[in-house]
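Computation of the quantities below employed the complete heavy-atom set of this structure, encompassing side-chain atoms and omitting hydrogens, waters and symmetry-equivalent molecules. Positions are given from 1 along the sequence.
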Amino acid sequence: MLRIAVPNKGMLSEPAWNMLEEAGYRLRSNPRQLVVEDPDNDVELFYLRPLDIAVYVGRGTIDVGITGHDLLLNSGTDAQEVMDLGFGASTFRFAAPQESDIRTLADIDGKRVATSFDKLVHDYLTGHGITAETIHLDGAVESSVQLGVADLIADVVSTGTTLRNAGLRIFGDPIVHSEAVLIRSPRLDADDERLERLERRLQGVLTAKRYVLMDFDIPVDRISAAVDITPGFESPTISPLHDKQWSAVRVMVPKDKVNRLMDELYEVGARGIIVTAIQATRM
């Protein structure tokens, strides 16, 4: 069985569960389950702490896992990124108290930085020639400055609201941009058919979320203009209609461009334009 690690909590957990379910995998039936066997798909799911997944994949017996790009970097393991998963986007930033004189990367030199990602922060600062003390804290680090543990923090930022509410000001360039990724063990061959099957399924979910199916009728003499607007992946499906002067076209188009494409198609003569959601794909 292919052993897959998924987050048991945190911002990545629910999107990861939903993605696996949409890809046809069996999930746990109650939150106390930590291991779920799915013999129909020849996989075994392990629900683990997000911070630990890259370690289990890189050093343990877990074959693949869903985690954050930042968590992988912080793990220091040899686990390999396989593909981006399109959710959990965030940045990793430095933040200091509003009244603090720490405003640039150089100002961090000689200071104390509280973070849950000590390796990631240490490597970043060292790479920029900055010497600072990294204070490791598990969980929220926003209170560390107020409680005298650190002079500033480094943490994951989605909207920045939590940091602002804690009286902290974001400064400097992002340490890293992150999103959810699928990772594999260095002991699992990149061409392993089980991994390839998982990749196809997850990519199918991503494609179904990003594209829709568009159907429309178009005069025969305007097919070329319509195809220029909606070329699809390989090529649109074009079928003759009872009225020989018209053809029916079916094509996949990006979901975020639907209304613009409908307008352009209408302008070149397309009629009966219908958009349908896609449940699943294999491209």
Side-chain angles (χ1 to χ4, degrees), residues 4 6-7 11-29 38 40-43 45 64 66 69 81-90 158-159 177-182 193-283:
I4 305 174
V6 296
M11 63 178 286
L12 299 181
S13 60
E14 190 166 342
W17 302 342
N18 291 340
M19 190 172 207
L20 286 171
E21 186 173 36
E22 290 171 16
Y25 294 101
R26 178 188 300 172
L27 303 182
R28 62 185 178 185
S29 57
D38 183 358
D40 290 341
N41 291 300
D42 197 29
V43 303
L45 293 184
V64 296
I66 295 177
H69 172 67
E81 284 194 23
V82 176
M83 61 183 293
D84 297 333
L85 297 178
F87 63 87
S90 63
S158 294
T159 64
H177 293 278
S178 184
E179 71 171 297
V181 292
L182 180 70
E193 64 178 15
R194 299 170 302 169
L195 175 60
E196 291 181 342
R197 185 183 306 116
L198 174 61
E199 287 183 70
R200 284 196 301 271
R201 288 195 181 195
L202 296 182
Q203 187 59 57
V205 173
L206 290 175
T207 302
K209 289 180 180 296
R210 295 169 179 168
Y211 287 82
V212 293
L213 198 61
M214 183 175 286
D215 291 275
F216 58 89
D217 297 338
I218 188 80
V220 172
D221 61 352
R222 299 183 186 177
I223 289 177
S224 293
V227 171
D228 286 342
I229 296 170
T230 55
F233 278 86
E234 286 83 19
S235 177
T237 299
I238 301 175
S239 306
L241 294 178
H242 179 72
D243 184 340
K244 302 303 182 182
Q245 301 302 311
W246 288 77
S247 288
V249 178
R250 168 167 286 187
V251 63
M252 287 176 61
V253 300
K255 184 183 293 186
D256 59 358
K257 297 179 179 179
V258 163
N259 285 292
R260 178 175 64 80
L261 293 175
M262 291 176 74
D263 290 339
E264 292 181 13
L265 287 170
Y266 192 89
E267 289 171 4
V268 299
R271 296 295 184 267
I273 307 171
I274 299 173
V275 175
T276 308
I278 298 173
Q279 181 68 29
T281 68
R282 293 291 185 278
M283 306 305 296

- Would you check if Glu199 and Met83 make a side-chain contact, meaning some heavy-atom pair closer than 4.5 Å? yes

Taking every heavy atom of Ser13 against every heavy atom of Pro7, the minimum-distance pair comes out as CB-O, 3.6 Å

**Prompt:** What's the verdict on side-chain contact (heavy atoms from CB on, under 4.5 Å) for Leu12 and Ile66, showing C-alpha distance, side-chain angles and the deciding distance?
**Reply:** CA-CA 8 Å; Leu12 299 181; Ile66 295 177; 5.7 Å; no

- Decide yes or no for Met214 and Ile274: does some side-chain heavy atom of the first lie under 4.5 Å from some side-chain heavy atom of the second? no

Using a 6.0 Å distance limit plus a 45 degree cone around the ring axis, check whether Arg271 lies over the aromatic ring of Tyr266. yes

Note: Leu261 and Pro254 closest approach over all heavy atoms is CD1-CD, 4.4 Å

Please list every donor-acceptor pair under 3.5 Å in which a side-chain atom of residues 223-237 meets a protein atom from a residue at least two apart or in another chain.
unit_1	atom_1	unit_2	atom_2	d
Thr230	OG1	Ala226	O	3.0

query = Does a side-chain heavy-atom distance below 4.5 Å link Val220 with Lys244?
reply = no

Sorted by chain and number, sequence neighbours left out, side chain to side chain contact (heavy atoms under 4.5 Å, CB included) with Ala248 holds for Asp217, Leu241

Query - Worked verdict on Leu45 versus Asp38 for side-chain contact (heavy atoms from CB on, under 4.5 Å) - result: CA-CA 8 Å; Leu45 293 184; Asp38 183 358; 5.9 Å; no

So the salt bridge (Lys or Arg N to Asp or Glu O under 4.0 Å) pairs with at least one residue in residues 205-215 (sequence neighbours excluded) are Glu22-Lys209, Asp215-Arg250

**Prompt:** Are side-chain heavy atoms of Asn41 and Arg197 found at a separation under 4.5 Å?
**Reply:** no

Heavy-atom nearest pair, Asp40 first then Arg26, reads OD2-NH2, 4.0 Å

All heavy atoms of Gly269 vs all of Pro219, minimum pair found to be O-CD, 3.4 Å

Looking only at heavy atoms, the pair that brings Ser247 and Pro240 closest together is OG-CA, 4.3 Å

Output for pair (Leu27 CG, Glu21 CD), nearest 0.5 Å, gives 5.0 Å

Across all chains, not counting sequence neighbours, the side chain to side chain contact (heavy atoms under 4.5 Å, CB included) partners of Ala23 are Tyr25, Arg201, Leu202, Val205

Sorted by chain and number, sequence neighbours left out, side chain to side chain contact (heavy atoms under 4.5 Å, CB included) with Glu81 holds for His69, Leu72, Asp84, Val181, Ile183

Rounded to the nearest 0.5 angstrom, the CD1-CD1 distance for Ile238 and Ile218 is 10.0 Å

For Arg282 and Gly204, indicate whether the former's side chain and the latter's backbone hold a donor-acceptor pair under 3.5 Å.
no

message: Could you check whether any side-chain heavy atom of Lys255 comes within less than 4.5 Å of a side-chain heavy atom of Tyr211, counting everything from C-beta outward?
response: no

(Q) Strictly distance-based, threshold 3.5 Å: is any side-chain N or O of Trp17 a donor or acceptor partner for the main-chain N or O of Arg28? (A) no

Taking the six-membered ring of Trp246 (Phe, Tyr or Trp), confirm whether the NZ or CZ of Arg222 is under 6.0 Å from its centre and within 45° of its axis.
no

Hits for side chain to side chain donor-acceptor pair (under 3.5 Å) against Glu264, two or more places apart or cross-chain, chain-then-number order -> Arg260

Nearest heavy-atom approach of Val212 to Val275 is CG2-CG1, 3.5 Å

Point to revise | Donor-acceptor pair, side chain of Glu179 and main chain of Gly86, under 3.5 angstrom | key: yes

Problem set entry | Val253 vs Val258 side-chain heavy atoms within contact, under 4.5 Å | yes

CZ of Arg194 to CD1 of Ile4, rounded to nearest 0.5 Å, is 10.0 Å

